[in-house]
Amino acid sequence: MNTVDYDAVVVGAGAGGIYAVHKLTQAGLRVIAFEGAPDVGGVWYHNRYPGARVDIESYFYCFPDEDLYPRWTWKERYPAQPEILAYLNFAADTWGVRPHIRFSTWVTGAQWESSAHRYRVTASSGESVTARHLVMASGQLSKARPPAFPGLEDFRGRWVQTAHWPTDHVETAGKRIAVIGTGSSGVQAVPALARDAENVTVFHRTANYSVPAQNGPLDQQKYADYASRVSEMREKILHHPVGSDIPLGAGPASSFSPDEQQALLRQRWARGGHTMNAVFSDQGTDIHANTLVADFVRQHVRDTVKDPAKAEILMPHAYPIGTRRLCVDTGYYEAFNQSNVDLIDINHDPIERITEKGIRTRNHDLEFDLLVFALGFNAFTGALDEANIRNELGERPSDRWSRGPRTLLGLMTRGFPNLFVLTGPGSPSVLANMILDNVQHVDFVADMLRHMGERGHTRVEPEEKAQDEWTAHVAEAASNLLRLNVENYMVHVNREDGTRVFMPYVGGLDKYVEHCEKVVADDFVGFSFS
Ligand code: FAD
C-alpha cells in the first residue's frame, strides 16, 4: 500500500516552483505542480502594477544556469515587471515545465498519511493526488493583506490591489487615483501612476525610508562576461551574504572620520538601491552608525520635496533605517513636487470609510475613480496556512510555530515529514536574492531525494536536537539587531509574553550555504531517515 501517484507535488509556479519542477524532473522524479494563477511567474504574475520592479540587479536576479543564462539578456539593471515575467516564461518554456503544472488550481489541503509515507494533496479543481514529498514553492510574499475598510462594497469606481493587479487593462490616464499604503509597492507605484493620472492622492501613515535605485541600462559587457563563466559567477554569489555583488559594510562607522563617512555615504548613494543597507558594517546593530545613514536619507527628502509640509510627512523618523525593508524607488520623493500629487497624513486625518464616490477621512470627502491598495503581505505563514497542510496529529506548521518558527535550515520542521518549505523562515529568505535562495534550496532538496532514493528511504524529518540547535543559531544571529525590536513582517511576537523571534536567518546566504554544504557532505546529518 506504500505507493504514490507522484514522487513530489510542487505548490506554486513562481521562480521557485519553475526551478523545482525542472530540477526534480531532470532527476527522473515524477512531479506534478499546482499553481493558483492561470500562468507561471508568481509575484511577477500577480504584481503587475505600474512601476513594479525588482531591486536586486538583473545580472543576479535570474537563474545561474549554464544553458539559460547566456540565452537571455536584460535591458535594465533593475527590470520592470513585464520583463521579469517574460524571463520566467522563457525559463518555463526552455525547461519544458508547463506540462507538469496544473494552472488555475489552488492546493486546498495536504494530509500526511503516516502509514504510507505520503501526502494526499487536494486541489480546488477537486483533484486529489498522493505524493511522497511536498515542496512548498508557494512564496513568502504571495498572500496579500486584503483591504478591510468599511464601505468598500459601496464604491462605484474600480478598486485594485498592487499584489493582485488585474490582467485586464486598468485605466489610469486622466483618472483620480487614491493610493493607500506606502511600503515598497506603494513607493514604486506612486511616481508611475502620477505620470498620466489627473490626480494621485497618497494616504500616508508611516514614512518609510526610500532610496533611489539609480536604475539604468544593463552593462551588456558585464552580463556577457558573467555569461561566459556562469558556474564561477554562481559560486561567487552563493558565497555572498545577499546573493549578489553589492559591496558590504566598509567597516564600523566610528572607524571613519566625519568627512570619510560622508564620502562613503555619497559613494553608496551613487551606486543606488540596497547598497545603502550596508554603508557601515554596524549600521544594523549600532544606533549611532544607523543614524548617520538615516540622516543622509532624511536630508535627501528635505532637499527634494519642495513643499515643507509634505516633506515633514514624508520624513522617516518612526524606526531606524533598514529595520524594515528599505524601499527602492525611481522618482518617489520627486513625484510629490508634481501639482497632481497630494498627500494625506492619516495619523491626523484618518480614513473613516469608503463611500460610493471615494474616501471620507475625518476632514475630507474626496472623489476617486480608482483606489489602489498596497497593504503588504501575510508573510512567511500566509500561503502555508492556506494550503492547509496537516500532519498525522492534524496540526499545521504554524500550530507548531506559535512561539516562532522552529526549523532545520528553514527547510523542514519536525513533525512534518517530507515537507520542504522553500525560502521559509529560518533560511535567508527575504534578506537575500530570492531566485538564488530558491535555486539553492531546490538543489539541496534534489540532493536529499537522491540520497533517499539510493538508500530506499521514504521518510525524512529533522532530528529534534538538530532543529533546536538551528533554531537557537537563527535566534542568536539576530539577537543584537536593531530590527528585532521594530514592528515588521520579519518579526514574530509571542502573544503571551511579548518575546520576539526574527524569522529569516540573518547570518547571511554565504554562511547558510556553508552550513548546507557541511550537512550534505556529512550524509545529511541532523535529518533522520527511514
Ligand atoms: P512566488 O513568486 O510568490 O510564487 C508563489 C506562487 O505560489 C504564486 O504564484 C502563488 O499563486 C502560488 N501559490 C501560493 N499558494 C498556493 C496554493 N495553495 N496553491 C497553488 N498555488 C499557490 N525578491 C528579491 O530577491 N528581489 C527583489 O527585488 C524582489 N522584489 C519584489 C517585488 C515585489 C512587488 C514582490 C511582491 C516581491 C519581491 N521579491 C523580491 C520577493 C519575491 O517574492 C521573490 O523574489 C520571488 O519572486 C519569489 O518566488 P517564489 O517562487 O518563491 O514565490
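Start at 1 and go down the list; that is how both ligands and their atoms are numbered. None of the values given here were measured: they were computed from a predicted structure.
Judged by the shortest distance from any of its heavy atoms, Ile18 lies outside the 4.0 Å radius around the atoms of ligand 1. Taking 4.0 Å as the cut-off, His46 counts as a neighbour of ligand 1 on heavy-atom distance. Judged by the shortest distance from any of its heavy atoms, Phe377 lies inside the 4.0 Å radius around the atoms of ligand 1. The shell of residues lying under 4.0 angstrom from ligand 1, judged by heavy atoms, includes Trp106.
Only backbone heavy atoms of Ala432 (N, CA, C or O) come within less than 4.0 Å of ligand 1; its side chain stays farther off. The part of Asn438 lying near ligand 1 is the side chain, judged by heavy-atom distances below 4.0 Å. The residue Tyr78 has no part lying near ligand 1, judged by heavy-atom distances below 4.0 Å.
Both tests do not hold together for Arg132 against Tyr119: distance to the six-membered ring centre under 6.0 Å, angle to the ring axis within 45°. In this structure, Arg229 is not positioned above the aromatic face of Tyr226 in the sense of NZ or CZ being under 6.0 Å from the six-membered ring centre and within 45° of the axis.
Taking only nitrogen or oxygen atoms, main chain and side chain alike, Glu35 reaches within less than 3.5 Å of ligand 1. Considering backbone and side-chain atoms alike, Tyr61 places an N or O below 3.5 Å from some N or O of ligand 1. Considering backbone and side-chain N/O atoms, Val43 comes within less than 3.5 Å of an N/O atom of ligand 1. Below 3.5 Å of separation, one finds no N or O of Arg325 facing any N or O of ligand 1. Residue-to-ligand polar distances place Met434 within reach of ligand 1: an N/O pair is separated by less than 3.5 Å. On a distance-only criterion, Leu141 and ligand 1 share no N/O pair closer than 3.5 Å. The shortest N or O to N or O distance between Asn47 and ligand 1 is not under 3.5 Å.
Closest protein heavy atom to atom 38 (C) of ligand 1: Trp44 CZ2, 4.3 Å. Counting only heavy atoms of the protein, atom 51 (O) of ligand 1 lies nearest to Gly16 N, 2.8 Å. When only non-hydrogen protein atoms are considered, atom 18 (N) of ligand 1 lies nearest to Val107 O, 3.1 Å.
Here the side chains of Val460 and Phe420 are in contact, with some heavy-atom distance below 4.5 Å. You'll find the side chain of Val430 reaches within 4.5 Å of the side chain of Met490, heavy atoms only.
Evaluation of the salt bridge (charged side-chain N to carboxylate O under 4.0 Å, His left out) rule for Glu83 yields no partner, not counting sequence neighbours.
Side chains of Glu76 and Asn215: a donor-acceptor N/O pair is present below 3.5 angstrom, by distance only. Checked by atom type, the side-chain pair Thr413/Arg406 shows no donor-acceptor distance below 3.5 Å. Looking only at atom types and distance, the side chain of Thr130 has a donor-acceptor partner in the side chain of Asp5 under 3.5 Å away.
Comparing heavy-atom distances from atom 5 (C) of ligand 1 across Ala37, Ala144, Ala137 singles out Ala137 as nearest. Selection from Ala110, Ala15, Gly42 by nearest heavy atom to atom 4 (O) of ligand 1 gives Gly42.
Counting only heavy atoms, the protein gets under 4.0 Å from atom 25 (O) of ligand 1.
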Table please: side-chain donor-acceptor pairs of residues 178-186 below 3.5 Å, with sequence neighbours left out.
| from | atom 1 | to | atom 2 | distance (Å) |
| --- | --- | --- | --- | --- |
| Thr182 | OG1 | Thr206 | O | 3.3 |
| Ser185 | OG | Tyr49 | OH | 3.3 |

